[in-house]
Amino acid sequence: MADMTFLRPWWLVLLGLVAALVLGLVLAMRRRSRYAIAFTDTELLRSVMPRRPGWRRHLPPALMLLGITALTLGLAEPAIRTTGSVPERLVVLAVDVSPSMMATDVPPTRFEVMDDAVRTFVDDLPTEVHLGLVSFAGTARVEVAPTREHEAIVDAMEQLEFRSNTSLAQAVLTSLTAIETAASPAERLPASIVLLSDGDSNVEPPLPTGIEAARDAEVPVSTIALGTPDGVITLSGDRVPVPVATDELSRLAEETGGAATDAASQEELRTIYGDIGGSFAGHTELRSIADWFFVASLLGLVAAGALSLRWFSGLP
């Protein structure tokens, strides 16, 4: 059911007058019923008295009261909350597939938590959003070109493989390429990049290269740092510390106009993705429906008058 509110609720005080009018009508009908006529010849009385109107005498006053009530509610300007249309836009998810994403400090692993959050994000995303997927480590590649068929992102996530090293700049450059090739310049949609990683770059190109490219393209990059300082992975039998690093991720978001967030648990990451998805949803707005109540009031009052004139040759 739509959420309804009143934009001018002070008019609702008039409902007290409507209630008083109802009470007055009830008292008047009760007083009328107390009168009795002393007449011994009941057969003669029945022949000269007109037929009692029964339910018909109650209908015009009831319609009149409904009309007055609808008028009062209309003056209070009722409004319902509606969801506006969702504008088309383009988003590229850039996900880290470096070996450090196998760390279990965010159980079961950083990668599995990321995969779960991406699935939830995709499920809740409006179809008006063209969504693409880029995987990156030391190199980056477009896994899914931006599309409104969001299920393709989920399918591609199942095929991702780990690769060595990390280059945030390469992730940004490849994401920009996906955006640029998604449509002709005349059809280009507002675009953004959501990049998830657990560490800083350790291979070329340098981060400023990606920042400069994103700023030139006017594409904000929002970053999510996933992990804790206690991350460890096992490589060739050796335990290798992989603490989350946030410096470059924060800088990337700040200098491109995006938002930088940190997630140290599955719940936090789900919340972050949920907030991002919510920002792409249609905005809610209040739409006045006062006219409906004014029309209902007019119909009720006209019907009350017409029926009263037809049945009783007078207005209620």
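These numbers were taken from a predicted model, which means no experiment stands behind them. For reference, positions follow the sequence shown, starting with 1.
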Can you list everything that forms a salt bridge (Lys or Arg N to Asp or Glu O under 4.0 Å) with Asp200? Sequence neighbours excluded, please. none
If you compare all heavy atoms of Thr256 against all heavy atoms of Val221, which two are closest, and at what distance to 0.1 Å? OG1-N, 3.1 Å
Taking it one step at a time, do Met102 and Phe162 satisfy side-chain contact (heavy atoms from CB on, under 4.5 Å)? CA-CA 9 Å; Met102 293 186 289; Phe162 292 105; 3.5 Å; yes
With no hydrogens and no angle check, is any side-chain donor or acceptor of Asp105 less than 3.5 Å from a backbone partner on Thr228? yes
Is Leu15 reachable from Phe6 through a run of I, L, V, M, F, W or Y residues, each pair having side-chain heavy atoms under 4.5 Å apart? yes
Heavy-atom closest pair (Ile233 atom, Ala103 atom, distance to 0.1 Å) is CG2-N, 3.4 Å
Out of Glu255, Glu254, Glu248, which one pairs with Arg251 under the side chain to side chain donor-acceptor pair (under 3.5 Å) rule? Glu255
Distance check, rounded to the nearest 0.5 Å: Phe111 atom CZ versus Leu196 atom CG? 10.5 Å
Nearest 0.5 Å please: distance from the OG1 atom of Thr69 over to the CZ atom of Phe293. 11.0 Å
Hydrophobic cluster identity match, Val242 and Leu226, side-chain contacts under 4.5 Å: yes
Student check: side-chain heavy atoms of Ile193 and Val219 closer than 4.5 Å: yes
Give, for atom CG of Asp116 and atom OG1 of Thr120, the distance between the pair rounded to the nearest 0.5 Å. 4.5 Å
Might you work through the side-chain contact (heavy atoms from CB on, under 4.5 Å) test for Val134 and Leu93, ending with a clear yes or no? CA-CA 6 Å; Val134 166; Leu93 294 179; over 6 Å; no
Is the closest side-chain heavy-atom distance between Pro206 and Ser201 below 4.5 Å? no
Leu195 side, atom CG; Ser222 side, atom OG - distance, nearest 0.5 Å: 9.5 Å
If Ile, Leu, Val, Met, Phe, Trp and Tyr residues are connected whenever their side-chain heavy atoms lie under 4.5 Å apart, and connections chain through other members, are Val154 and Val129 in the same group? yes
Under the side-chain contact (heavy atoms from CB on, under 4.5 Å) rule, what do His130 and Arg89 come out as? Steps first, then yes or no, please. CA-CA 6 Å; His130 299 247; Arg89 59 179 301 115; over 6 Å; no
Quick test of your reading of the model: are Glu143 and Arg141 salt-bridged, counting only N-O distances below 4.0 Å? yes
With rounding to the nearest 0.5 Å, note down the distance linking OG in Ser192 to CG in Leu90. 8.0 Å
Under a 4.5 Å side-chain heavy-atom rule over Ile, Leu, Val, Met, Phe, Trp and Tyr, are Val240 and Val244 clustered together? no
Smallest separation among heavy atoms of Thr104 and Pro108, with atom names: CG2-O, 3.3 Å
Just so I know, are the side chains of Val91 and Val194 near enough to count as touching, which here means a heavy-atom distance under 4.5 Å? yes
Nearest heavy atoms of Asp198 and Ser100, plus distance in Å: OD2-OG, 2.8 Å
Restricting to salt bridge (Lys or Arg N to Asp or Glu O under 4.0 Å), what partner residues turn up for Arg215, sequence neighbours left out? none
Connected via hydrophobic side-chain network under 4.5 Å: Leu160 and Val106: yes
Could you tell me whether the side chain of Ser135 reaches within less than 4.5 Å of the side chain of Arg163, counting heavy atoms only? yes
Could you walk me through whether Ser250 and Thr223 pass the side-chain contact (heavy atoms from CB on, under 4.5 Å) check? CA-CA 7 Å; Ser250 297; Thr223 62; 5.8 Å; no
Any side-chain heavy atom of Phe121 within less than 4.5 Å of one from Ile276? yes
Identify the two heavy atoms, one from Pro99 and one from Ser164, that lie closest to each other, and give their separation to 0.1 Å. CD-CA, 3.9 Å
Would you please name every residue forming a salt bridge (Lys or Arg N to Asp or Glu O under 4.0 Å) with Glu268, sequence neighbours left out? none
Closer than 4.0 angstrom, basic N to acidic O: yes or no for Glu158 and Arg119? yes
Would you say Ser297 and Thr72 make side-chain contact, with heavy atoms under 4.5 Å? no
Specify the closest pair of heavy atoms between Thr166 and Gly199, including all atoms of both residues, with the distance to one decimal. CG2-O, 4.2 Å
Taking the side chain as every heavy atom from C-beta outward, state whether Met101 and Thr109 have any pair of such atoms under 4.5 Å apart. no
Hey, are Asp96 and Arg110 close enough for a salt bridge, meaning a charged N less than 4.0 Å from a carboxylate O? no
Arg148/Glu88 salt bridge by N-O under 4.0 Å criterion: yes
Taken to the nearest 0.5 Å, the spacing of Leu301 CG from Met64 CE works out to 8.0 Å
Evaluate the side-chain proximity of Leu133 to Val92: yes if any heavy-atom separation is below 4.5 Å, no if none is. no
